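Accompanying notes for the structure given below.
Every value quoted in this text rests on a predicted model; they were computed, and no experiment measured them.
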Number of protein chains: 2
Amino acid sequence: MAKFDLFQFVPFRLNRLAAEVSAALSDEYQVRYGLDIPEWRVIATLGFRDDACSAQFISQCTRTHKSTISRAVTALLERELIERVENEDDRRAFELRLSAKGHTLYEELIPRLLHKERDILSCLTAQERKDFAAALGKIERSLDLVQTRHGQKAGAY
Amino acid sequence: MAKFDLFQFVPFRLNRLAAEVSAALSDEYQVRYGLDIPEWRVIATLGFRDDACSAQFISQCTRTHKSTISRAVTALLERELIERVENEDDRRAFELRLSAKGHTLYEELIPRLLHKERDILSCLTAQERKDFAAALGKIERSLDLVQTRHGQKAGAY
DNA sequence: TTAAGATAGTCTCATTTGCAACCATCTAAA
DNA sequence: TTTAGATGGTTGCAAATGAGACTATCTTAA
């Protein structure tokens, strides 16, 4: 049998790297703004999209369990960082969007996070960064992790 | 402000990808062998190293909390997949190694996992895979995630 | 020696998380 | 219509996890 090297094993490396990178970022949103990871994901998704979206949508595109998103939404509503309005078309669902307060937080937080990301990737050349991102994209697509250009993941919502 | 795109944000993508890849692999070690992630990490580390090692060592190089490793070790001892002997030189620590049974499991499991890994990376060309692994390595080193060639992370153990 | 501090490992506790049951609502087909 | 099944969201519960206290042991230096 080919000798197995855990430290060359990509799934393991991805896990370890993701954990480490998350820890580096959490200084920004956790310590400074008191957001946990699910809460940050809700903020990030809402801030990214101009129009409102449902909890279900956030759950799907961040690959976070719906109960986790539900709890994050509750917490953010209490802190008045997001707003929730009934959906006319479907009264099971709610439309979520950032409040003014939430938008301010978002605008403050984003540059900090982008800066951290740049830091982390600064060990790569511009070309390497590009190739790395492209490789991530290929793997994501092959695992069906991404939406199509119509903003919908095939068959998912 | 430059528009922020969560789906282009590398930390987020790493998290999502790592979760998805882990889920794909867990079919192998979880469903088939009843191992959870920490248990698999212990097995993998012990199988990878020819000589015995301590729980502390496993904890450090897999970046898993020592209490989590401790629980995994207990469970694996109960299932007799690993063995634990006192360390002559340091009676706080134990030497851990795979049992014969554990080694059999390891030998069975590894090819399956390598196959899954190949599947996941099969969307990349050979060159892209090489570059991707190299980029991971660079980031890991810049985050101080890797051991030196002497098997020790600088200053860590 | 002895004492102070570091380290290996275990255990308890609080937090986080996923699962699954549940309710309300929607959709589709009879 | 009515009914069966799907879907959005919430909640209770149990499992997993990390933090940190704790014991035992080791190391270093006075």
First locate atom CZ of B:F4, then atom CD1 of A:I110, and finally report the distance between them rounded to the nearest 0.5 Å. 4.0 Å
In whole angstroms, how far is the C1' atom of D:dG8 from the CD atom of A:E88? 16 Å
With sequence neighbours left out, which residue pairs that include part of residues 67-77 of chain A fulfil the side chain to side chain donor-acceptor pair (under 3.5 Å) condition? A:H65-A:S67, A:S67-A:R71
Could you list all the side chain to side chain donor-acceptor pair (under 3.5 Å) pairs where at least one residue sits in residues 87-97 of chain B, not counting sequence neighbours? B:D90-B:R92
Could you state the CD1-P distance from A:I58 to D:dT10, rounded to the nearest angstrom? 11 Å
Does anything in residues 123-144 of chain A pair up under ring-ring contact (aromatic ring centres under 6.0 Å, His included), and if so which pairs, sequence neighbours excluded? A:F132-B:F132
Just the rounded figure in Å: distance from C1' of D:dA24 to CG of B:N87. 14 Å
Rounded to whole Å, how long is the line connecting atom CD1 of B:I37 with atom P of C:dG18? 11 Å
Contact letters for nucleotides 9-16 of chain C, in which S counts primed atoms plus P, OP1 and OP2 and B counts the base, heavy atoms under 4.0 Å: BBBB----
When the side chains of residues 19-27 of chain B are checked against the rest of the protein, which donor-acceptor pairs come out under 3.5 Å, sequence neighbours left out?
| unit_1 | atom_1 | unit_2 | atom_2 | d |
| --- | --- | --- | --- | --- |
| B:E20 | OE1 | A:R63 | NH1 | 2.9 |
| B:E20 | OE2 | A:R63 | NH1 | 2.9 |
| B:S22 | OG | A:N15 | ND2 | 2.4 |
| B:S22 | OG | B:A18 | O | 3.1 |
| B:S26 | OG | B:A23 | O | 3.1 |

Using whole Å, what does the distance between atom P of nucleotide D:dG9 and atom CG of A:D89 come to? 13 Å
Look at A:T68 and C:dG18 and indicate whether a side-chain polar atom (N or O) is within less than 4.0 Å of OP1 or OP2. yes
Could you tell me how far apart A:N15 (CG) and D:dT17 (P) are, to the nearest whole angstrom? 11 Å
Only pairs at least two apart or in different chains count here, so list each ring-ring contact (aromatic ring centres under 6.0 Å, His included) that has a residue in residues 15-34 of chain A. A:Y29-A:W40
